[in-house]
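Let me begin by presenting the structure, written as structure tokens, before commenting on it.
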There are 2 protein chains.
Amino acid sequence: MIASSTKSVYGLNIPASPKSRRSGVNGLSSAKRVKSSEKRLKPGRIHVVLTTLGREIAQEIIPAGAVLPPENELEARFGVGRGVVREAIKMLSGKGLVSVRPRHGTRVLPRRDWSLLDRDVLNWLVGEDQPDRELLLAIQEVRSIIEPAAAALAATRATKQDRQRINAALMAMEASGNQATATAADKAFHLAILDATHNPVLQGFRGAIDTILSAVFVVAVDSVAGWFEDNIPNHASTARAIDEGDATKARKAMERVLGLTHSQLSKKRVGAVRRDAEPRGSRSLRQT
Amino acid sequence: MIASSTKSVYGLNIPASPKSRRSGVNGLSSAKRVKSSEKRLKPGRIHVVLTTLGREIAQEIIPAGAVLPPENELEARFGVGRGVVREAIKMLSGKGLVSVRPRHGTRVLPRRDWSLLDRDVLNWLVGEDQPDRELLLAIQEVRSIIEPAAAALAATRATKQDRQRINAALMAMEASGNQATATAADKAFHLAILDATHNPVLQGFRGAIDTILSAVFVVAVDSVAGWFEDNIPNHASTARAIDEGDATKARKAMERVLGLTHSQLSKKRVGAVRRDAEPRGSRSLRQT
DNA sequence: AGCTCGCAATCATCCGATGTTAAATGTCCG
DNA sequence: CGGACATTTAACATCGGATGATTGCGAGCT
């Protein structure tokens, strides 16, 4: 239920507004009567358990190989019933984050086994204050493999509507005023190209690309102000090449798009404004 | 209601043999065991419900947009408790196959939203008697994008062990006697290359590639007997290029590997042992 | 010492009750 | 007659206690 871009199941709009959501829902105070007179959008208990555990695993607060607490302890910790804990863990295991065996507990699997292209997993990994740089670069590397090829395919296969969609996104990028609209337009552009390949497997990357672009914006934007604007011409020539049906040109143009992004991401190393969060790992958020 | 409170749950085909260890498939002793998922170990009731529903959705027995029966009906149908049904559906929703909303039922999402790179989903889609040809070709298209690039990266980054692993797999391919060992060796070869990129996101494709290769073997082998052997030289030159650190050559060689596979897959159209000739709803892939 | 067996921890499943959500429908008053 | 509000209701969401199954590990037997 989390993995939905257009069909918000609960009406919970968590994604784009990264407020520190340290709401103390998971206190062990239990207090069943959460019925307090407000009708706030309640993220759902399963969702809370899922994302909390997912993030703790992704951040290696619970390292690979460790076993997480038994069901009854988790029940107590989150103040939820057993079914909730089980269903949450079931989803984690479905995404390859943990393996659960009868007498041995549920143990965290090495990252090798995670579904790294799953939208939720990616979110937990990258939706942090300071996403793992290496991971971000690895993802960009994969984008540099996928997206130029996708652009080339799109140049061959795009329908009239596909082209319109791509060009509309391009115009939205040019017209974007703030970071929010810029991010949205950029995403729309890349997703439209993926869709224009008419390859369902390639379209399956939509969620991943979407998530990644958010992270890239967060990391890149505050280091290089002109990055987004500088990259618009590359986007434009990609769109033009697809319009003309020139696969090679489209591939090259998309390579330039990603090349610029990549170089911004890499150089973020030094010129950054923030000096904090450098020592990875020992963040101070830890819950017993 | 359920028959009774008896413990005759073994009415299903659940072998109660705690001793029988799944061995065999791993023909190569590459000092790394093919860590099998927990699903392999034992069917389990949840697993039955999960795979049954998953397959029915994948095969469009339950079409996109339809709502599947409510929980209590599913309980009755499978003869399991509610928790089992809920956990199974939870996993389906985690893989993007269904969206579940209170009061509205759990409805099947369009294929666009599925995690097409998820191992289980792929299995359901492709592990049927008659995998969807278009899907198989779409997947091969993605492989042709990913794997040559991966080979090129591997040529740059492979460690000595990586190279040994690749060459060991190659030798196993050459020595393979039957289809089982051939499949295993071929898989090991491609997986070793993915691993040699040292890119964790690329490594995330392991499950998908693994599953796909099984499907490809099933489909391709019975149509063209010499396909596997014919492709060994291409594999060999890929391995050699990686050994020499020649990225361009590795990419080209891998392109040839996939090109041969692709052509076999395409020509499989006729001469098959298949009895059905139904077009079977040529789904989108061409028009949204 | 080595092997077997039983304990206990932990997940797996069942079950019946109750809460929550939101679509559908009915009601009432202007 | 018609629209705003209340009621019904079908479905999922969660709870919590009981029971079964599996298996690591150590106690006890040979």
Side-chain angles (χ1 to χ4, degrees), chain A residues 1-2 7-12 25-26 30-50 66-93 98-107, chain B residues 1-12 14-21 38-39 41-50 66-93 98-108:
Chain A
M1 49 180 62
I2 311 87
K7 60 208 67 61
S8 63
V9 181
Y10 261 146
L12 56 131
V25 183
N26 54 0
S30 66
K32 305 304 165 47
R33 295 309 175 304
V34 205
K35 181 61 175 286
S36 52
S37 52
E38 54 175 3
K39 306 199 67 145
R40 284 290 157 272
L41 61 151
K42 172 183 45 175
R45 289 146 189 77
I46 288 189
H47 189 261
V48 170
V49 177
L50 215 212
V67 310
L68 35 99
E71 289 177 349
N72 48 325
E73 276 183 43
L74 291 175
E75 291 175 51
R77 170 179 168 194
F78 290 102
V80 298
R82 187 151 7 128
V84 175
V85 169
R86 291 197 105 261
E87 286 177 29
I89 289 185
K90 212 61 172 190
M91 295 193 73
L92 289 179
S93 101
V98 301
S99 117
V100 34
R101 275 167 49 201
R103 139 83 208 205
H104 213 255
T106 73
R107 65 164 14 106
Chain B
M1 295 300 274
I2 325 293
S4 66
S5 64
T6 67
K7 56 239 41 165
S8 67
V9 240
Y10 287 114
L12 308 171
I14 299 171
S17 54
K19 280 302 185 58
S20 68
R21 184 87 171 93
E38 71 278 3
K39 310 208 157 29
L41 299 180
K42 194 178 88 161
R45 293 142 197 79
I46 286 190
H47 193 255
V48 170
V49 177
L50 215 210
V67 309
L68 35 98
E71 289 176 348
N72 46 324
E73 277 183 43
L74 292 176
E75 292 176 49
R77 171 178 167 194
F78 289 102
V80 298
R82 189 156 5 133
V84 175
V85 169
R86 285 186 57 73
E87 286 176 29
I89 288 185
K90 212 58 169 193
M91 295 193 73
L92 289 179
S93 103
V98 301
S99 120
V100 36
R101 281 164 51 201
R103 155 71 226 212
H104 200 263
T106 72
R107 70 156 18 103
V108 178

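Side chains included, hydrogens not; waters and symmetry mates left out as well; all remaining heavy atoms used. Just so it is clear: chains get the letters A, B, ... in the order the sequence lines come, proteins before strands, and each one is counted from 1.
Listed nucleotides: dT22(D), dC14(C), dG17(D). Nearest to the side chain of Pro102(A): dT22(D). Listed candidates were dA13(D), dT10(C), dT13(C). Nearest to the side chain of Val84(B) is dT13(C).
Rounding to whole angstrom units, CG of residue Leu68(A) and P of dT10(C) are separated by 12 Å. Rounded to whole angstrom, the span from the CD atom of Glu87(A) across to the C1' atom of dT13(C) amounts to 13 Å. If you take CG of Leu74(B) and P of dC12(D), they are 8 Å apart, rounded to a whole angstrom. In this structure, His104(A) atom NE2 and dG24(D) atom P are separated by 7 Å, rounded to whole Å. For the pair His47(A) NE2 and dA13(D) C1', the computed distance is 15 Å after rounding to whole Å. The distance between atom CD of Glu75(A) and atom P of dT14(D), rounded to the nearest whole Å, is 14 Å. Remark: C1' of dT14(D) and CZ of Arg82(A) are 12 Å apart, rounded to the nearest angstrom. In this structure, Glu71(A) atom CD and dT14(D) atom P are separated by 16 Å, rounded to whole Å.
When the side-chain contact (heavy atoms from CB on, under 4.5 Å) test is applied to Arg82(B), the partners found at least two apart in sequence or on another chain are Glu71(B), Glu75(B), Arg86(B). Legend: residues meeting side-chain contact (heavy atoms from CB on, under 4.5 Å) with Pro102(A), ordered by chain and number and at least two apart, are absent. Take Arg77(B) and apply the side-chain hydrogen bond (donor to acceptor under 3.5 Å, both in side chains) test, not counting sequence neighbours, and it matches Glu56(B).
Interatomic distance, Ile46(A) CD1 to Ser93(B) OG, rounded to the nearest 0.5 Å: 8.5 Å. Taking NE2 from His47(A) and CD from Glu87(A), the interatomic distance works out to 14.0 Å, rounded to the nearest 0.5 Å.
The minimum heavy-atom distance between Val108(B) and Val98(B), with the atom names listed, is CA-CG1, 4.2 Å.
Taking 4.0 angstrom as the limit, Arg45(B) places none of its side-chain polar atoms (N or O) nearer than this to OP1 or OP2 of dA12(C). In this structure, Arg103(B) does not reach the dA23(C) phosphate: none of its side-chain N or O atoms is under 4.0 Å from OP1 or OP2. Regarding contacts with the backbone of dA23(C), a side-chain N or O of Arg101(B) is found under 4.0 angstrom from either OP1 or OP2.
At its two ends the helix from dA1(C)-dT30(D) to dG30(C)-dC1(D) runs along axes set 10° apart, each axis drawn from five pairs and the angle rounded to 10°.
Looking at heavy-atom distances under 4.0 Å, Gly83(A) makes no contact with the nucleic acid at all.
Here the side chains of Thr106(B) and Val67(B) are not in contact, with every heavy-atom distance at 4.5 Å or above.
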